[in-house]
Amino acid sequence: MSKVLVLPGDGIGPEIIAEAIKVLETINTLSDQSIAVDTGLVGGAAYDEHGHPLPQETLAKAKDCDAVLLGAVGGRKWESLDIAVRPEKGLLGLRAELGLFANLRPALLYPQLADASSLKPELVSGLDMMIVRELTGGIYFGQPRGVRTLDNGEREGFNTLVYSESEIKRIGHIAFETAQRRGGRLCSVDKANVLECTELWREVMASLASDYPDVSLSHMYVDNAAMQLVREPKQFDVIVTTNMFGDILSDCAAMLTGSIGMLPSASLDANGKGLYEPIHGSAPDIAGQNIANPLATILSVALMLRCTFGQAAAADMIERAINAVLDDGLRTVDIMSAGMTQVSTSVMGDAVVAKLKAA
Ligand code: IPM
Ligand code: MG
């Protein structure tokens, strides 16, 4: 039987995950293929209980299941902890231990929310792009790293940006394949004018292009890419980039759509196993108030059904249900606008479930 490990995590994580579980359970009753749900602790919640953000038990469960559905990790409460046991390490550890090297982050504008973007509606209407972020390499994991004390007594911090050719190739193939399934345009983002490591990145990306004659490859420096994202975002179809550049650009791309609360993401290994999570963080400032937007997490369930479980029809159903709820004018506070009906986290989840049952 298919199995998913659910890790609510911290902050708004438990609230949004609760709504996603309602949706998954509804899908289970509507389809003949049922997915079993196990739960575990990660992040600050795991630290509080076990003294570590990624306890052995959680890791073992994660290795044993077909997919992981995660809420969010982190919060002020744990900010002063040693970096080795901070909540974020739970997420980074899962990515590394499960070999989840390919992070897919769509930025899709829902027409119902065009007004919620901080950019003019004509710049973002119809926006549909995908960022493919390398997730288990680069400066996030490079060695050596740390803070050392120099002979003169001054401290010095250092991290290493490193990519092997094979790491660049495997994320490159995923990106080209993604572009093939979409609009056929791939933009590789680097800083090849300054960083040797990304000069190699550019070279290796270019060397893959001949395998994909139906994809047009372009290259862009990361500073320009950041500017182009807010100047003319619709020029992009698929972006492929390094771990850290992808972290930064994906937040920017997400905000173009008006709410980071609407965007799911998938982190995949070489065999289709994946960790699915909303792009937004744990939002500790609004945790426990039942006002967070659960739609990105519910959309993460759809992405999981599509990418890991091959249940495209069920994924379509969820996406249609969300569109229908938006059409009805229901909005959580982050996407609220004049004339719409503001609802809580749980009312939003219930509304999606009701649409699914009615479909
Ligand atoms: C993200 C987050 C993480 C990252 C943090 C929480 C470690 O910002 O998934 O984008 O930097 O990758
Ligand atoms: Mg980030």
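All values below come from the heavy atoms of this structure, side chains included, with hydrogens, waters and symmetry mates left out. Since the model is a prediction, treat every value here as computed from it, not as a measurement. Order of listing sets the numbers, starting from 1, for every ligand and every atom in it.
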- Task: Would you please classify the geometry between the Tyr212 ring and the His173 ring as parallel, tilted or perpendicular, with 30° and 60° separating the classes?
- Result: tilted

- Query: Contact between His280 and ligand 1, counting heavy atoms under 4.0 Å?
  - Reply: no

- Message: Tell me whether ligand 1 is touched by Arg95 - counting only heavy atoms on the residue side and a distance under 4.0 Å.
- Response: yes

- Item | Met244, portion touching ligand 1 at heavy-atom distance under 4.0 Å | neither

- Item | Side chain, backbone, both or neither: Arg133 near ligand 1, heavy atoms under 4.0 Å | side chain

- Query: Backbone N or O of Ala266 within a donor-acceptor pair of the Asn103 side chain at under 3.5 Å?
  - Reply: yes

- Qualifying residues under side chain to side chain donor-acceptor pair (under 3.5 Å), relative to Asp350, sequence neighbours excluded: Lys22

- Query: In chain order, what residues pass the side chain to side chain donor-acceptor pair (under 3.5 Å) check against Thr257, with sequence neighbours excluded?
  - Reply: none

- Task: Give every residue pair that meets the salt bridge (charged side-chain N to carboxylate O under 4.0 Å, His left out) criterion with at least one member in residues 93-117, sequence neighbours excluded.
- Result: Lys63-Glu97, Arg95-Glu277

- Item | Nearby protein N/O/S atoms (those under 2.8 Å) for the Mg ion (ligand 2), with water ignored | Asp247 OD1

- Residue selection (non-hydrogen contact nearest atom 10 (O) of ligand 1) among Ile279, Asp247, Ile248: Asp247

- Looking only at distances, please establish whether an N/O atom of ligand 1 is found under 3.5 Å from an N/O atom of Tyr140. yes

